[in-house]
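Since the structure comes first, as structure tokens, the remarks are kept for the end.
As a basis for the values below, the full set of heavy atoms in this structure was taken, side chains included, without hydrogen atoms, waters or symmetry mates.
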Amino acid sequence: MDHYDSQQTNDYMQPEEDWDRDLLLDPAWEKQQRKTFTAWCNSHLRKAGTQIENIEEDFRDGLKLMLLLEVISGERLAKPERGKMRVHKISNVNKALDFIASKGVKLVSIGAEEIVDGNVKMTLGMIWTIILRFAIQDISVEETSAKEGLLLWCQRKTAPYKNVNIQNFHISWKDGLGFCALIHRHRPELIDYGKLRKDDPLTNLNTAFDVAEKYLDIPKMLDAEDIVGTARPDEKAIMTYVSSFYHAFSGAQKAETAANRICKVLAVNQENEQLMEDYEKLASDLLEWIRRTIPWLENRAPENTMHAMQQKLEDFRDYRRLHKPPKVQEKCQLEINFNTLQTKLRLSNRPAFMPSEGRMVSDINNAWGCLEQAEKGYEEWLLNEIRRLERLDHLAEKFRQKASIHEAWTDGKEAMLRQKDYETATLSEIKALLKKHEAFESDLAAHQDRVEQIAAIAQELNELDYYDSPSVNARCQKICDQWDNLGALTQKRREALERTEKLLETIDQLYLEYAKRAAPFNNWMEGAMEDLQDTFIVHTIEEIQGLTTAHEQFKATLPDADKERLAILGIHNEVSKIVQTYHVNMAGTNPYTTITPQEINGKWDHVRQLVPRRDQALTEEHARQQHNERLRKQFGAQANVIGPWIQTKMEEIGRISIEMHGTLEDQLSHLRQYEKSIVNYKPKIDQLEGDHQLIQEALIFDNKHTNYTMEHIRVGWEQLLTTIARTINEVENQILTRDAKGISQEQMNEFRASFNHFDRDHSGTLGPEEFKACLISLGYDIGNDPQKKTGMMDTDDFRACLISMGYNMGEAEFARIMSIVDPNRLGVVTFQAFIDFMSRETADTDTADQVMASFKILAGDKNYITMDELRRELPPDQAEYCIARMAPYAGPDAVPGALDYMSFSTALYGESDL
């Protein structure tokens, strides 16, 4: 396969890169492809005397597939396998696929197994690949091939026909006019095209398909309804059908191709002749322009003014920017046209083009080289002349600028140097003036270079015979004379400033020493006054003793402080003596401090007055702290007795509540005796409250003599009273429970003994594990889990306990029992709750059923009772209680005023809402 065939193969097979085995065909498209591809295959298989009925079934063994390839290619394939096993079928299909691949076709995602398995999508994809290779690939129209070539052929053939606009291989063919136009273009006698209507696609399509089948030997590959009934006909089916028309009219296509070849040859020859004429004209014009331009560039006549030379340079820039670039393009285009022309002549087997004498490309290049040489020399000459004139103008302008800058800088400088402002200045101002003068001297030295530059420029202008040299020389001389005068005034002012500075520095040193000693001494006095007047808050003897010691140390420093005060005042007196002796004009006070001798003396006197006041305040506070210490010791002694007493009583009450010495009545009697002794202890608590009030009034906040606070004592006392009252109440409740439920003292002792044994933390309650162990000790088999002391059972332990005692523990029943023993839903069971439950379950108590039976007797065996019957049989207050809470009876035997005693009875025992 040559290069053209290879490129063509890539083009026509490119769409099959997108044939994905996982995608599903549109059902309408699949139907069209089945019908079209089956008809196309049969149009070739009939030449071998066979055909197919079902495209995915009849190719499964590979035999008819190999036969189809032999018919359309004209070549023999390898001998097929005649066995009927799957391996034989796969072998035959692989031989067919290998033959297709040998023709340069790239099979994408198509394998022999899919064909043998009857995969519709893969089978249609394979047939489409065969159609592309053997029916569409070789189509070539005006340098386009395959699909694009076929589309271009259809467009060219149908172009003269109205209402036909072929842009693709799907919707452009729906109205049928495209098929009819192809037939009419090649066989106009077969169809009366003028009678066709665009709005009757079924008639158009049937006409085209019937005529093609009858007269052109093109089998009917699609039904008109398939195309019209689909929004977008299948592109592959339409391409297959249209390719059959192309091959049917291939003879007419050959004649058209021959005519196109002749036209193409003539067009090439005409184009070449036009290119030759264009070259000759363009070459003549370019050479004439070069001939006119070179003399202008070789003119070297100089100008006398800068303006005239700049105009010449501007003209040259216009030449380079406006006139030459188009000519550069023309020269380039001339060479391109010449090379293009020679290439076209060579490709079309024509003799090479030979331009006229003197118009060869080499002649043009030589002339262009002369132009550029003249241009280069002209530009260099212009720039040199401009530089020469520019140098003179620049020097003159530079002299004027530097002279103006120097004159502006010297303006006022002589008057400034003659000032005597240093005579009334302070030392800092003198130093500032000296620094300013030093800066001026530096500036003056820097301007020395400018003066020398001004003189040098004037000298150079004289040497170059500048036309205005006299005025330049006069201005330069004036600048030099003024410069010498500034130097003398500068030296004289420096000497005066230095003399004044030396005198003021002596005074400044004294001022500085005064400030350095006065500031800390002043701070010491202010701190001393602040400390002596500072209010103090102390709470202990030790704190006031510390303040007293610090005050005594401070008084010991006063003599040395007085010596420092006198020394500071002596420095100030020395300054006054110097000012009077040398008649110094002092512009102000001490610049380093605002502290005056008067202030120092005044603060010193104030400090001496505050010392005895501080002595008196410390003495008074010392006496007060001694009194507070006595109050602390008094409170601590009582609190250290009362606190342990309360703790001891709490422990004794706890032991009484859990020990089993005697009957419950004995325990109750013992507890009431404890209660009486506790109440009798109240006066000591009141006395401690009185001591505590004295401590609070004295603002005493801590007490190292005891760990007990009044709040601790109060809380302990309240807990003691609460505990004794609660314990007495618990014993009374146990007595009530025992008497009401008929529990013997022995049973109560047994319950209490077990409870106390497992209440190891003596909290009066059992935790879940403790309660479980307690039940085990009573004979209930609940398990041998480790025990804990929380004083209560959790729900699982209590349930196990009840089961071990014979109760049928369903979920509902267990929930009911837990609601009785743990009404607050704390998840624990107290001893009292357990005793109540056990007594309820073991004792003979009233029930809701017994109460209902009693009401039924009062009602005369009726299901309801009346208000009269209640008032007759019950005491008045109890009768009214029942009437107010009984609901009206709603049974079928109800009478006016009937009351429901059944719901009332269940409500009494918590089995319904009252």
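Checked against salt bridge (charged side-chain N to carboxylate O under 4.0 Å, His left out), Glu599 has no partners two or more places apart in sequence or in another chain. Asp285 meets the salt bridge (charged side-chain N to carboxylate O under 4.0 Å, His left out) test with Lys281; sequence neighbours excluded. With sequence neighbours excluded, the residues forming a side-chain contact (heavy atoms from CB on, under 4.5 Å) with Asp421 are Gln419, Leu433, Arg493, listed by chain and number. A search for side chain to side chain donor-acceptor pair (under 3.5 Å) contacts involving Asn485 returns Glu414, not counting sequence neighbours. Judged as a salt bridge (charged side-chain N to carboxylate O under 4.0 Å, His left out), and not counting sequence neighbours, the contacts of Glu379 are Arg320. Looking at residues two or more places apart in sequence or on another chain, you find a side-chain contact (heavy atoms from CB on, under 4.5 Å) between Lys420 and Tyr422, Glu423.
Using a distance-only test at 3.5 Å, with no hydrogens or angles considered, a donor-acceptor pair links the side chain of Asp363 to the main chain of Met360. Without hydrogens or angle criteria, Asn299 side chain to Pro295 main chain gives no donor-acceptor distance under 3.5 Å. Using a distance-only test at 3.5 Å, with no hydrogens or angles considered, a donor-acceptor pair links the side chain of Tyr514 to the main chain of Ile595. Remark: the backbone N or O of Ala518 is not paired with any side-chain donor or acceptor of Asn522 at under 3.5 angstrom.
Contact check on Arg614 versus Asp531 returns no salt bridge, with no Lys/Arg side-chain nitrogen under 4.0 Å from an Asp/Glu carboxylate oxygen. Taking 4.0 Å as the cut-off between side-chain N and carboxylate O, Arg624 and Glu620 do not count as a salt-bridged pair. Salt bridge status for Arg291 with Glu288: present, with a side-chain N to carboxylate O gap under 4.0 Å. At a threshold of 4.0 Å, the pair Arg714-Glu689 counts as salt-bridged, since one of the basic side-chain nitrogens sits closer than that to a carboxylate oxygen. Look at Asp318 and Arg321 and you find a salt bridge, because one of the NZ, NE, NH1 or NH2 atoms lies within 4.0 Å of a carboxylate O, short of that distance. A salt bridge links Lys324 to Glu372: one of the charged nitrogens lies within less than 4.0 Å of a carboxylate oxygen. The pair Lys327-Glu330 counts as a salt bridge, with a side-chain nitrogen and a carboxylate oxygen less than 4.0 angstrom apart.
Of the listed residues (Gln329, Gln333, Glu335), just one forms a side chain to side chain donor-acceptor pair (under 3.5 Å) with Lys331, and that residue is Glu335.
Thr619 and His622 share no side-chain donor-acceptor pair at under 3.5 Å. Using modelled atom types and a 3.5 Å distance limit, the side chains of Asn384 and Glu380 yield no donor-acceptor pair. Looking only at atom types and distance, the side chain of Glu513 has no donor-acceptor partner in the side chain of Gln509 under 3.5 Å away. With no hydrogens or angles considered, no side-chain donor-acceptor pair links Asp605 and Gln609 at under 3.5 Å.
Contact check for His705 versus Glu629: side-chain heavy atoms found under the 4.5 Å cut-off. In this structure, the side chains of Lys431 and Glu505 come closer than 4.5 Å at one or more pairs of heavy atoms. Between Gln553 and Thr557, the closest side-chain pair of non-hydrogen atoms is not below 4.5 Å. Between Glu697 and Leu694, the closest side-chain pair of non-hydrogen atoms falls below 4.5 Å. Taking the side chain as every heavy atom from C-beta outward, Gln373 and Leu297 never approach each other to under 4.5 Å. Contact of the Leu547 side chain with the His551 side chain is not registered, since no non-hydrogen atoms from C-beta on lie closer than 4.5 Å. Side-chain contact check for Ile646 versus Tyr681: every heavy-atom pair is 4.5 Å or farther apart. Taking 4.5 Å as the limit, some side-chain heavy atom of Leu512 sits within range of a side-chain heavy atom of Lys516.
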task = Could you walk me through whether Lys312 and Tyr378 pass the side-chain contact (heavy atoms from CB on, under 4.5 Å) test, one step at a time?
result = CA-CA 10 Å; Lys312 277 197 171 186; Tyr378 186 68; 4.0 Å; yes
key: Test side-chain contact (heavy atoms from CB on, under 4.5 Å) applied to His572 and Leu510, step by step   = CA-CA 8 Å; His572 183 269; Leu510 292 173; over 6 Å; no
inquiry  = One pair to check against salt bridge (Lys or Arg N to Asp or Glu O under 4.0 Å): Arg565 and Asp562. What are the steps and the verdict?
reply    = CA-CA 5 Å; Arg565 178 181 66 86; Asp562 191 38; 2.8 Å; yes
message = I'd like to know whether Glu438 forms a salt bridge (Lys or Arg N to Asp or Glu O under 4.0 Å) with Lys435, so could you lay out the CA-CA distance, the side-chain angles of the two residues, the decisive distance to 0.1 Å, and finally the verdict.
response = CA-CA 5 Å; Glu438 289 173 0; Lys435 291 185 180 297; 5.4 Å; no
query = For Gln634 and Arg630, what are the C-alpha separation, side-chain angles and deciding distance, and is it a side-chain contact (heavy atoms from CB on, under 4.5 Å)?
reply = CA-CA 6 Å; Gln634 180 177 334; Arg630 288 193 295 271; over 6 Å; no
ask   = Where do Val607 and Phe554 land on the side-chain contact (heavy atoms from CB on, under 4.5 Å) test, with the steps shown first?
value = CA-CA 11 Å; Val607 168; Phe554 167 75; 4.2 Å; yes
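Taking the six-membered ring for Trp and the full ring otherwise, the centers of Tyr592 and Tyr511 sit at least 6.0 Å from each other.
Taking all atoms of both residues into account, the shortest heavy-atom contact from Trp524 to Ala561 is CH2-CB, 3.6 Å. Smallest separation of non-hydrogen atoms from Ile600 and Ile568: CD1-CG2, 3.9 Å. The minimum heavy-atom distance linking Met529 with His606 is given by the pair SD-ND1, 3.2 Å. Taking each heavy atom of Ala639 and Tyr708 in turn, the nearest pair found is O-CD1, 3.6 Å. Across Leu371 and Trp289, no two heavy atoms sit closer than the pair CD2-CZ3, 3.5 Å. Scanning all heavy atoms of the two residues, the minimum distance from Phe635 to Asn703 falls at CD2-ND2, 3.8 Å.
Atom-to-atom distance recorded for Glu441:CD and Thr490:OG1 is 6.5 Å, nearest 0.5 angstrom. To the nearest 0.5 angstrom, His447 atom NE2 is 11.5 Å from Ile479 atom CD1. A distance of 6.0 Å separates CD1 of Ile430 from CG of Leu497, quoted to the nearest 0.5 Å. Taking NZ of Lys555 as the reference point, atom CG of Leu558 lies at 9.0 Å (rounded to 0.5 Å). The line from CG of Leu313 to CG of Leu383 is 6.5 Å long, rounded to the nearest 0.5 Å. Note that the CD atom of Glu460 and the OG atom of Ser469 stand 11.5 Å from one another [nearest 0.5 Å].
The environment of Lys633 atom NZ is sparse: at most 12 non-hydrogen atoms of other residues, nucleotides or ligands sit within 6.0 angstrom. The number of heavy-atom neighbours closer than 6.0 Å to CD of Glu530, taken from other residues, nucleotides and ligands shown, is 12 or below. Atom CG of Asn339 sits in a crowded spot, with more than 12 heavy atoms from other residues, nucleotides or ligands closer than 6.0 Å.
Classified by interplanar angle (parallel below 30°, tilted 30° to 60°, perpendicular above 60°), the ring pair Trp409/Trp483 is tilted. Using the six-membered ring where Trp is involved, Tyr319 and Phe316 have ring planes that are tilted, between 30° and 60° apart.
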